[in-house]
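Contents: one structure, followed by commentary.
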There are 2 protein chains.
Amino acid sequence: MGRRPRRAGDKQTGRSDADLGPLAGYVGYVLRRAQSASFRHLERSAGELALTPGQFSQLAAIEANPGINQRRLAALFGLDKSTLSPAMEALVARNLVQRTRAAADARAWSLTLTAQGRQLLARMQARIEAQERIIAATLAPAERRRLVAVLRRIEAALDAAE
Amino acid sequence: MGRRPRRAGDKQTGRSDADLGPLAGYVGYVLRRAQSASFRHLERSAGELALTPGQFSQLAAIEANPGINQRRLAALFGLDKSTLSPAMEALVARNLVQRTRAAADARAWSLTLTAQGRQLLARMQARIEAQERIIAATLAPAERRRLVAVLRRIEAALDAAE
DNA sequence: TATTGTTATACTCTATAACTATA
DNA sequence: TATAGTTATAGAGTATAACAATA
């Protein structure tokens, strides 16, 4: 008999050479795997900056929309206002975000970045862009822009579906 | 003066017309949005089947690897064994998965689907494939296969990065 | 009455550490 | 000693509901 081919369940290697089956062919599933890998990589590369991907996105959105309130920021990310309340509290406690009462509405906060927040955001952005370069290196030239467009269309189509 | 253009912060609409800023151009971020939309859609379309996307993937992997043990199943998804323990417990309690002691190793479980598990998996798979058709409808013909390949390459590149 | 934000509470998903039983 | 699995526990991240202050 010839060499036995490597099979699922091979005790020698200890590696999980099990099979994903049909999962491996679903866009939804490979999307999840790629997204998880992006988070894992970002968490590793954030290191001493101690910013989660979610916190990065919140700082970036506040920079892009200075004076935004928590309701609008929550809506931008599809979160409930009660989720954003403690999240902003944590960024304020780290002196990354400044909350002042909105001039036009005393119920609402006006969110802006502090100097320290802008500086930390810039440092994190450099690491995000390093990740983007790793991603771009796997793509043919000009494929990156198409990928972004495709993913946006997928999001919109799924949110619009019954 | 002419009509005022719609601006961020417009109180009339109540819509969050705030701006994602540079986030909107990052592959990592649009990946996250698309993946979240996929989960939301799947949770809606699962309905009375009461299966989460994670549970679906576990059933599918057990079907593809009958007799797999929990360690290998955990490794397949990058989870800790302690995460899988209660997850399998829940599927066994619903009579979807059968756990028997592995013949070759009395420490390990041998996981297989019950008839009920196979039937529920098949019903859920039909809904997954409905989602895949929604996704495919946003893509040019033959773009789907390329997207799957691209996402796999991105996952591999990020996991390999320092 | 409606809206902005906070708080109490709970649920899901995940991990680490300590353990039991077996190899 | 090492491995498969379980359990206790903890920490994110999320939501709903009830509430206070303001519109």
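Chain letters run A, B, ... following the sequence lines, proteins first and then strands; every chain starts at 1.
Of the two residues contacting DNA chain C, namely A:Arg32 and A:Gln70, the nearest-nucleotide position lying further toward the 5' end is that of A:Gln70. Across the interface with DNA chain D, nearest-nucleotide mapping of B:Arg99 and A:Gln58 shows B:Arg99 to be the residue nearer the 5′ end. Residue order along DNA chain D, read from the 5' end via each residue's closest nucleotide, puts B:Ser85 first among A:Thr52 and B:Ser85.
Ring geometry, B:Phe77 versus A:Tyr29: the interplanar angle exceeds 60°, so the pair is classed perpendicular (tilted spans 30 to 60°).
Rounded to whole angstrom, the span from the CG atom of B:Leu111 across to the P atom of D:dG5 amounts to 7 Å. Note: NZ (A:Lys81) to C1' (D:dA17) measures 9 Å, nearest angstrom. For A:Asp80 and D:dG13, the CG to C1' distance is 12 Å, given to the nearest whole Å.
Considering only side-chain N and O atoms, A:Thr83 lies under 4.0 angstrom from the phosphate OP1 or OP2 of D:dA15. Look at A:Arg71 and you'll find a side-chain N or O under 4.0 angstrom from OP1 or OP2 of C:dT4.
Residue B:Leu84 is classed as having no contact, given no heavy-atom separation below 4.0 Å to the nucleic acid.
Ranking D:dA21, D:dA4, D:dA8 by closeness to the B:Asn69 side chain, first place goes to D:dA4. Here the nucleotide nearest the side chain of A:Ala108, chosen from C:dG5, D:dA23, D:dT14, is C:dG5.
Distance alone, capped at 3.5 Å, places no donor-acceptor pair between the B:Arg99 side chain and the B:Trp109 backbone.
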